[in-house]
S.K.: 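Once you've had a glance at the structure underneath, I'll fire off some questions.
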Amino acid sequence: MVILVFYNYCNTWHVNILFWFFHGCRWGPVLETGTYKNKQRLYLSEQTDQTVPNTLIIANCDIVKPRVAAANHIANFDEDARTPFVKKYKTIIHPGEVNRIRELPQNKNIVATHTDCPEVLIWDVEAQPNRQAVLGAAESRPDLVLSGHQDNAEFALAMCLAEPFVLSGGKDKSVVLWSIQDHVSTLASDANHYTGSSGSIVKAADNPSIGPRGVFQGHEDTVEDVQFCPSSSQQFCSVGDDSCLILWDARIGGNPVVKVEKAHNADLHCVDWNCHDENYILTGSADHTVSMFDRRHLTSDGVSSPVHKFEGHTAPVLCVQWSTEKCSVFGTSAEDGLLNIWDFEKVGQQKESGLKSSNAPPGLFFQHAGHRDKVVDFQWSVSDPWTIVSVSDDGEFSGGGGSLQIWRMTDLLYRPEEEVLAELQKFKDHVIECNKD
């Protein structure tokens, strides 16, 4: 059963959807633009209890623009009501659980997925037929298979902003780099000659495949996340269960450029590279903290201190991502069910201004507590400022299900202070005038 919920409060637009169990969410292309709302594609991974197949869901979502949601959405709020804002467009029956989804920036109709096998699967969602997710249904065939790992690669996956390159990490402790452009030259010759890696669940004879541009060795344990430098297909970073942050440059070989041996005091789960200022890199860890590193200060001796360590979660951090709107803002999600929004420019501002210290961790300026359990993935919208899609595993609270939420914080939090104060003064004057009557 799928339950869709919509509600709006304090200028925070919010859609809530309950499915089986989500493990990934990504924004797709904008389909329509309107005066009051835009229509945009969503990619969702749905893991099931095996009574129906695991699926990659393509949905269309109406994104209401700021300050246009009707007030009756609050009065008529019903958590069990269905919302017309998100509609399933297509279902792909996935070979195995969908652990991670990433869209190709150069063509957002192309997505890559990770499952419990060594390969990365590439899908053209427009070309794929719509399938019925019923028990016993045949699996959909990926449009391309990327081979190169020697063991399962389940989570670490990234697409390059600069060129159509794909990056992956896995249990074989390696980072693997591909170019989708290689598929063009390979397709006519030996695309179907791939024999499959050990543990593969993909039928090699049915799917065109390409090998990697490079395999990079330097981790001592599973690679948990990878990310490209925003302006380069040849520079990237990775983190893993060995507590290491490693920077790579494919132009100079397969060995690390910089290896931070003890980036955290526990396993590293996630990493992101600032698209506004490429000097800054975020890492999230099982030690409940998020660290911001300046790559200009990273040293090859394996000892590097972060610019700042953000401490606002009470459980392992699962996802970090820089904002698309402001270079100093980023989001973090964790197993504590919280999605925190930070601004590192605010770190230390209270102390400098002489204001009384609050209980909030330095830099934290918004906390989304709408999920019931661990928030496993989220993404900022590039086309709709300050709008976020997030998914959680709510198994303990919903009998094995998960939820998708699309939300936007009130703009009073991020607009220029003078604008906000002027608007609040007008509201205050209006209230005073009404009370006189």
S.K.: Are Y414 and W386, when compared by the centres of their aromatic rings, separated by less than 6.0 Å?
M.R.: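 Between Y414 and W386, the centre distance is under 6.0 Å.
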S.K.: Would you call D182 and R213 a salt bridge, using N to O less than 4.0 angstrom?
M.R.: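 Looking at R213 together with D182, the answer is yes, because their closest N to O distance falls below 4.0 Å.
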S.K.: Scan residues 96-126 for pairs that pass ring pair (Phe, Tyr, Trp, His ring centres under 6.0 Å), counting only residues two or more places apart or in two chains.
M.R.: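 Matches after skipping sequence neighbours: H94-W123.
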S.K.: By the definition side-chain contact (heavy atoms from CB on, under 4.5 Å), identify the one residue from H308, H313, K309 that meets it with E311.
M.R.: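 Going through the options one by one, the only one that passes is K309.
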S.K.: Output, in order, the C-alpha distance, side-chain angles, deciding distance and verdict of side chain to side chain contact (heavy atoms under 4.5 Å, CB included) for I180 and F165.
M.R.: CA-CA 6 Å; I180 293 181; F165 276 63; over 6 Å; no
S.K.: Could you check S140 against Q128 for side chain to side chain contact (heavy atoms under 4.5 Å, CB included), going step by step and ending with a plain yes or no?
M.R.: CA-CA 8 Å; S140 300; Q128 285 285 329; 3.8 Å; yes
S.K.: CG of L268 to CG of D225: how many Å apart, nearest 0.5 Å?
M.R.: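 Separation between the atoms: 9.5 Å.
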S.K.: Is it the case that the side chain of D242 and the backbone of E220 share a donor-acceptor pair, with hydrogens and angles ignored and the cut-off at 3.5 Å?
M.R.: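 Looks like yes, one N/O pair under 3.5 Å.
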S.K.: Are the side chain of T324 and the backbone of S381 linked by a donor-acceptor contact shorter than 3.5 Å?
M.R.: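 Present.
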S.K.: Any luck finding a side-chain donor-acceptor pair between T387 and D384 under 3.5 Å?
M.R.: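 Side chains of T387 and D384: pair found under 3.5 Å.
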S.K.: Are F344 and F330 near enough that their ring centres are under 6.0 Å apart?
M.R.: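 Ring-ring flag for F344/F330: false, centres at least 6.0 Å apart.
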S.K.: Between H264 and T283, is the side chain to side chain contact (heavy atoms under 4.5 Å, CB included) condition met? List the steps.
M.R.: CA-CA 9 Å; H264 286 260; T283 57; 2.7 Å; yes
S.K.: I'd like to know if the side chain of S147 and the backbone of I210 have a donor-acceptor N/O pair within less than 3.5 Å.
M.R.: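 The answer is yes, because a donor-acceptor pair under 3.5 Å joins these two groups.
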S.K.: If the threshold is 4.0 Å, N to carboxylate O, is there a salt bridge linking E126 and K108?
M.R.: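 Here E126 does not pair with K108 in a salt bridge, since their nearest N and O are not under 4.0 Å apart.
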S.K.: For I57, does its backbone N or O pair with a side-chain atom of T55 as donor and acceptor, under 3.5 Å?
M.R.: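 The answer is no, because no donor-acceptor pair under 3.5 Å joins these two groups.
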S.K.: Do the side-chain N and O atoms of R131 and T91 include a donor-acceptor pair separated by under 3.5 angstrom?
M.R.: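 Judged by distance alone, the side chains do not pair up.
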S.K.: Return yes if some donor-acceptor pair links the side-chain N/O of Q106 with the main-chain N/O of C160 below 3.5 Å, else return no.
M.R.: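 Confirmed, Q106 side chain pairs with C160 backbone.
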S.K.: For the backbone of Q235 and the side chain of S232, can you confirm whether one donor and one acceptor N or O come within less than 3.5 Å of each other?
M.R.: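 Yes, the answer is positive, given that a donor and an acceptor are paired below the 3.5 Å cut-off.
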S.K.: For the residue pair H219 / S174, report whether a side-chain donor-acceptor contact shorter than 3.5 Å exists.
M.R.: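 The answer is no; no qualifying pair exists.
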S.K.: Would R41 and Y89 count as a cation-pi pair here, with the cationic atom under 6.0 angstrom from the ring centre and within 45° of the axis?
M.R.: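 Relative to the ring axis of Y89, which defines the angle, R41 lies inside both limits.
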S.K.: To the nearest 0.5 Å, tell me how far S238 OG sits from L167 CG.
M.R.: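 Going from OG on S238 over to CG on L167, the span is 8.0 Å.
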S.K.: Is a donor on one side and an acceptor on the other found under 3.5 Å between the side chain of S333 and the backbone of V375?
M.R.: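 Yes, S333 side chain to V375 backbone: donor-acceptor pair under 3.5 Å.
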S.K.: Can K326 and D343 be counted as an ion pair, charged N to O under 4.0 angstrom?
M.R.: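 Salt bridge flag = yes for D343 with K326.
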S.K.: With no hydrogens and no angle check, is any side-chain donor or acceptor of S323 less than 3.5 Å from a backbone partner on E325?
M.R.: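 Present.
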S.K.: At what distance, to the nearest 0.5 angstrom, does SG of C275 lie from CG of D277?
M.R.: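 These two atoms lie 10.0 Å from each other.
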S.K.: Counting only heavy atoms not in K37 (residues, nucleotides, ligands), do more than 12 fall under 6.0 Å from its NZ?
M.R.: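 Open.
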S.K.: Start with the C-alpha distance between H149 and E119, add both sets of side-chain angles, then the distance that settles side chain to side chain contact (heavy atoms under 4.5 Å, CB included), and finish with yes or no.
M.R.: CA-CA 7 Å; H149 281 290; E119 293 81 24; over 6 Å; no
S.K.: Side chains of Q40 and S383: any donor to acceptor distance under 3.5 Å?
M.R.: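 Side chains of S383 and Q40: pair found under 3.5 Å.
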S.K.: Considering residues at least two apart in sequence or located in another chain, which fulfil the side-chain hydrogen bond (donor to acceptor under 3.5 Å, both in side chains) criterion with D124?
M.R.: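 Expected list: none.
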S.K.: Using a 3.5 Å distance criterion without hydrogens, assess whether the side chain of S45 forms a donor-acceptor pair with backbone atoms of L56.
M.R.: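 No, the answer is negative, given that no donor and acceptor are paired below the 3.5 Å cut-off.
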S.K.: Looking just at side-chain N and O atoms, do Q379 and E103 make a donor-acceptor pair shorter than 3.5 Å?
M.R.: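 Q379 vs E103: donor-acceptor pair found between side chains.
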S.K.: Using a distance-only test with no angle check, is there a side-chain donor-acceptor pair under 3.5 angstrom linking E278 and S231?
M.R.: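 Side chains of E278 and S231: pair found under 3.5 Å.
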S.K.: Do R415 and E423 sit within salt-bridge range, that is, some charged N less than 4.0 Å from a carboxylate O?
M.R.: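 Yes, this pair counts.
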S.K.: I'd like to check L318 versus E335 (side-chain heavy atoms, cut-off strictly below 4.5 Å). Are they in contact?
M.R.: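 Yes; the side chains approach each other to less than 4.5 Å.
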S.K.: Quiz question: by atom type and distance under 3.5 Å, do the side chains of N279 and N274 form a donor-acceptor pair?
M.R.: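 There is no such pair (donor and acceptor under 3.5 Å, judged by atom type) between the side chains of N279 and N274.
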S.K.: Between N340 and Q367, is there a side-chain donor-acceptor contact under 3.5 Å, judged purely by atom types and distance?
M.R.: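 The answer is yes; a qualifying pair exists.
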S.K.: Between atom SG of C229 and atom CG of D249, what is the distance when rounded to the nearest 0.5 Å?
M.R.: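 Between C229 SG and D249 CG, I get 9.5 Å after rounding to 0.5 Å.
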S.K.: Tell me whether the count of non-hydrogen atoms from other residues, nucleotides or ligands lying under 6.0 Å of NZ in K173 goes above 12.
M.R.: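 Atom NZ in K173 is not crowded, with 12 or fewer foreign heavy atoms closer than 6.0 Å.
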S.K.: Can you tell me how far CG of D272 sits from OH of Y280, rounded to the nearest 0.5 angstrom?
M.R.: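 Nearest 0.5 Å value for the OH-CG distance: 15.0 Å.
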S.K.: Please answer whether the main-chain N or O of N255 pairs with a side-chain N or O of W248 as donor and acceptor at a distance below 3.5 Å.
M.R.: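 Judged by distance alone, no pair lies under 3.5 Å.
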S.K.: Is a salt bridge present between E154 and K171, judged by a nitrogen-to-oxygen distance below 4.0 Å?
M.R.: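 Looking at E154 and K171, the cut-off is met.
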S.K.: Is a salt bridge present between D377 and R100, judged by a nitrogen-to-oxygen distance below 4.0 Å?
M.R.: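 No.
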S.K.: When the ring planes of H368 and F366 are compared, do they come out parallel, tilted or perpendicular, using 30° and 60° as the limits?
M.R.: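 Because their plane-to-plane angle is under 30°, the rings of H368 and F366 count as parallel.
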S.K.: Go through the structure and list residues passing ring-ring contact (aromatic ring centres under 6.0 Å, His included) with W178, not counting sequence neighbours.
M.R.: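 Here no residue qualifies.
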S.K.: With ring centroids as reference points, do H276 and W322 lie under 6.0 angstrom apart?
M.R.: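 No, the ring of H276 stays outside the 6.0 Å limit from the ring of W322, centre to centre.
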S.K.: Can you tell me how far the CG atom of N60 sits from the CZ atom of F85, to the nearest 0.5 Å?
M.R.: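 Reported value, rounded in 0.5 Å steps: 14.5 Å.
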